[in-house]
Amino acid sequence: MSIFDQISAWLSDPDHWKTTLGIAGIPQRLAEHVQYTVLAVVIAAVIAIPLGAYIGHTGRGGTLVVGIVNSFRALPELGLLILLVLVMGLALALEAVTIALVLLAIPVLLAGTYAGVRNVDRAAVDAARGMGMSEWQVLVKVELPNALPLIFGALRSATLQVIATATIAAVVSLGGFGRYVIDGNSQREFDQMAAGAVLIAALAIVAELLLAGVQWLVVSPGLRKNSRGRARVR
Amino acid sequence: MIEFQSVTKRYDDGTVAVDELDLTIDDGKITVLVGPSGCGKTTSLRMINRMVEASSGTILVDGADIRSQRPAALRRGIGYVIQNAGLFPHRTVLDNIATVPILLGTKKAAARRRAEELLDTVGLPRELAKRYPAQLSGGQQQRVGVARALAADPPVLLMDEPFSAVDPVVRDDLQEELLRLQSELGKTIVFVTHDIDEAIKLGDKVAVLRVGGKLAQYDTPATLLAKPVDDFVAGFVGRDRGYRALGFLSAHGVEVAPLSTLTLGEPAPVVTGWTVVVDERRRPLGWLSAKSTVEGEIRSADLVAGGSLYVADSTAAGSLRAALDSALSSPSGTGIAVDAEGAVVGGVTADSVLKVLDAARRSGEVPS
Amino acid sequence: MNWIIDHLPQLLSVSGEHLQLALVPVAVGLLLSLPLAWVANRWPVARAILVPVSALLYTIPSLALFVMMPLLLGTKVLDPINVQAALTIYTVALLVRAIADALAAVPESVIQAASAMGYRAVGRFFAVELPLAVPVLIAGVRVAAVSNISLVAVGQIIGVGGLGFFLLQGFQSSPPNYQEIVGGIVLIVVLALVVDGLLALAGRALAPWNRKAVSR
């Protein structure tokens with residue numbers, strides 16, 4: 001039996017789709033993974049998007065944002081996760097993992113929102129002010145709608161990074177699809193590991209496509225063309 | 001009326017952008033602020049709607065200090081057009097134009113109806129209403145910018161180098177369009193440019209500023225050309241200003257002498273001098289040379305191309321500049337004068353133009 | 001601190017291993033992406049395939065990609081080549097798009113001037129287009145190198161992880177060895193920052209025209 005047959009056999013085994021005697025099935029692992037991800041991304045977005053919009057609007061603290069983002073990129077996710085769980089204790093593992101995921105998502109969202117707002121055509125912002133919009137109206141009616149492509153770009157990469165790091169959460173004995181890889185590895189069941197990997201990849205791709213679809217619906221058609229190349233913090 | 005009373009703008013780093021500016025801008029006229037870069041013309045303009053706050057001095061609009069109103073409220077009552085238009089990329093043309101009325105509380109549907117009318121006003125087809133700015137040409141974007149500034153029907157329009165980013169042909173169209181619009185609307189327009197030709201073409205009055213934010217001269221374009229106050233203004237106004245000044249003098253009184261004409265297709269007589277050849281409606285087609293040796297019918301191939309035409313309508317005589325140019329550019333030395341329909345009414349010579357100029361100078365019509 | 005000093009020789013050799021796991025993929029990925037980016041820039045059809053495929057591969061989380069490698073390569077599960085191959089895929093996915101965009105951004109006037117001076121397509125690529133793409137290329141390589149150095153640690157979950165070894169070992173010892181974990185994290189961050197700095201210097205040397213003007 002080839003490994004591909006083994007994976008499809010493992011995935012089509014009905015036992016792996018139900019939760020029995022405390023052994024979690026695929027739907028429960030999916031729910032866990034989605035729960036970790038959504039919680040972390042929402043918290044990070046609530047913190048980072050308003051902050052990034054404020055920094056982008058006023059232009060104060062821009063260099064700080066770029067610095068934070070660059071230094072966070074060097075931080076190993078695995079190390080951050082392990083350290084937080086140890087410091088907070090295994091009883092609070094879920095909270096610790098959520099904090100780690102939020103910490104990883106914030107720089108990405110902060111940088112994207114900041115860059116998005118900062119990169120809005122200065123002439124349009126000047127015109128908005130000159131027409132008598134208040135600062136709040138300039139931000140909400142002009143800067144944020146025009147920053148949406150970049151904000152969505154950041155939301156997509158933050159979500160992917162959180163999904164990937166939530167996979168590692170299995171190392172600190174949490175759930176999610178990562179469990180299949182960790183358990184398969186310790187039990188020397190390569191079919192389980194590989195099937196887990198397929199599920200993780202599928203989840204990431206579906207999340208990416210969903211967000212891309214939402215972006216297409218939400219972003220003004222006027223921004224669709226030539227959206228490439230107007231971005232970048234530096 | 002907009003009044004600058006010893007207005008100064010000094011930035012935190014100590015640079016003085018505008019220095020003790022006193023200026024009175026008339027209602028219903030186009031006033032152009034012009035000068036080299038760093039002369040504070042844009043700063044002066046932006047102080048009117050408080051996009052820049054003056055460091056000292058007072059600006060009055062219709063007698064009221066602009067600081068008596070909150071900036072946002074003040075700005076909603078003043079139209080604002082900038083270089084590259086500054087259109088909102090995420091909104092359609094129609095919604096861009098409707099912005100200020102909606103800010104002022106007009107219902108969306110009503111604001112959009114008004115926006116559609118404005119498309120006609122600025123000479124854009126209504127099909128463009130649903131487009132986004134990125135789908136328009138530079139000239140079209142600029143027209144939308146003007147329409148957007150006009151949407152709430154403000155009495156004052158501030159225009160900051162609005163036409164400097166488009167190519168010369170389109171710029172010419174936009175300038176003509178602005179003059180046409182102004183003749184209908186009679187707004188108080190303050191217009192900033194670095195292009196002296198644009199200033200002279202558009203301005204009822206022109207304020208020339210020098211680097212450091214000092215007012216050098218504030219006059220009508222004709223006076224500016226005829227009588228620059230110093231070397232700086234003379235240099236800035238540029239060469240050929242004597243010739244360009246003729247554009248502000250009426251050619252009324254220039255002698256239009258009878259001109260012998262031939263019609264295309266007629267058999268050619270013995271030629272005695274340069275002769276204008278016209279079509280059956282007496283519109284000029286070209287000249288038959290004094291040395292021409294045409295036998296039989298006159299054909300287009302026999303003609304020498306003519307110069308510029310001088311429109312000498314009985315109601316609106318052209319400028320001396322147009323009359324002189326027609327004479328200078330004609331192969332025969334005689335300019336062709338035509339009526340409003342384009343039919344030949346006679347010829348003008350450079351001598352006759354200069355005679356009128358001389359008379360005008362003696363009667364004091366020319367500033368000296 | 002004590003732990004780091006006690007284990008210095010071991011740390012140095014594992015750091016070397018870590019760098020090798022992270023940076024060999026950067027080098028191989030760069031060599032692979034150049035021709036791919038050239039192809040993507042030259043033929044729109046190739047671009048229409050390469051760009052979405054890159055984006056798709058970049059989407060797959062690292063742990064999943066590490067585990068999938070044996071399926072695609074027929075390697076053993078614990079073979080270090082799995083981690084290196086996966087990181088190479090990320091590098092290529094990142095660089096192909098970036099370099100293709102940079103090549104497309106070379107002004108048409110520059111390309112025409114080069115052709116008018118007698119460059120043929122291949123010569124022009126190396127003499128004009130590629131050098132002009134260097135700033136973007138270096139920026140991409142820096143991102144790839146830094147994230148690869150961080151991602152190698154994840155490979156420890158399947159047994160190949162360079163300095164990631166100390167993270168998991170410190171976590172699993174009883175009681176947990178904080179010094180070992182923090183030491184591992186700090187070393188990884190230091191490696192990433194040093195490599196990033198060196199690449200930034202290389203970028204300045206390779207593209208002097210891109211430096212910001214120095215104010216006097």
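Computed over heavy atoms, backbone and side chain alike; hydrogens, waters and symmetry mates excluded. Labels below follow one simple rule: chain letters A, B, ... track the order of the sequence lines, proteins then strands, and each chain is numbered from 1.
Proximity to chain B is limited to the side chain of Q137(A), based on heavy atoms less than 4.5 angstrom apart.
The most heavy-atom pairs under 4.5 Å with chain A, out of T99(B), N84(B), I82(B), L158(B), come from I82(B). Highest contact tally toward chain A, considering only Q83(B), R70(B), R50(B), R91(B), is held by R91(B) [criterion: heavy-atom pairs under 4.5 Å]. Across A123(A), S220(A), G130(A), the residue that shares the most heavy-atom pairs under 4.5 angstrom with chain B is G130(A).
Taking a cutoff of 4.0 Å between a charged side-chain nitrogen and a carboxylate oxygen, D126(A) and R46(B) qualify as a salt bridge.
Taking the ring axis of F88(B) as reference, the NZ or CZ atom of R148(B) stays within 45° of it and closer than 6.0 Å to the ring centre.
Listed for the Q135(B) side chain is a donor-acceptor partner under 3.5 Å among the backbone atoms of Y132(B).
Atom CG of D12(B) is surrounded by 12 or fewer heavy atoms from other residues, nucleotides or ligands within 6.0 Å.
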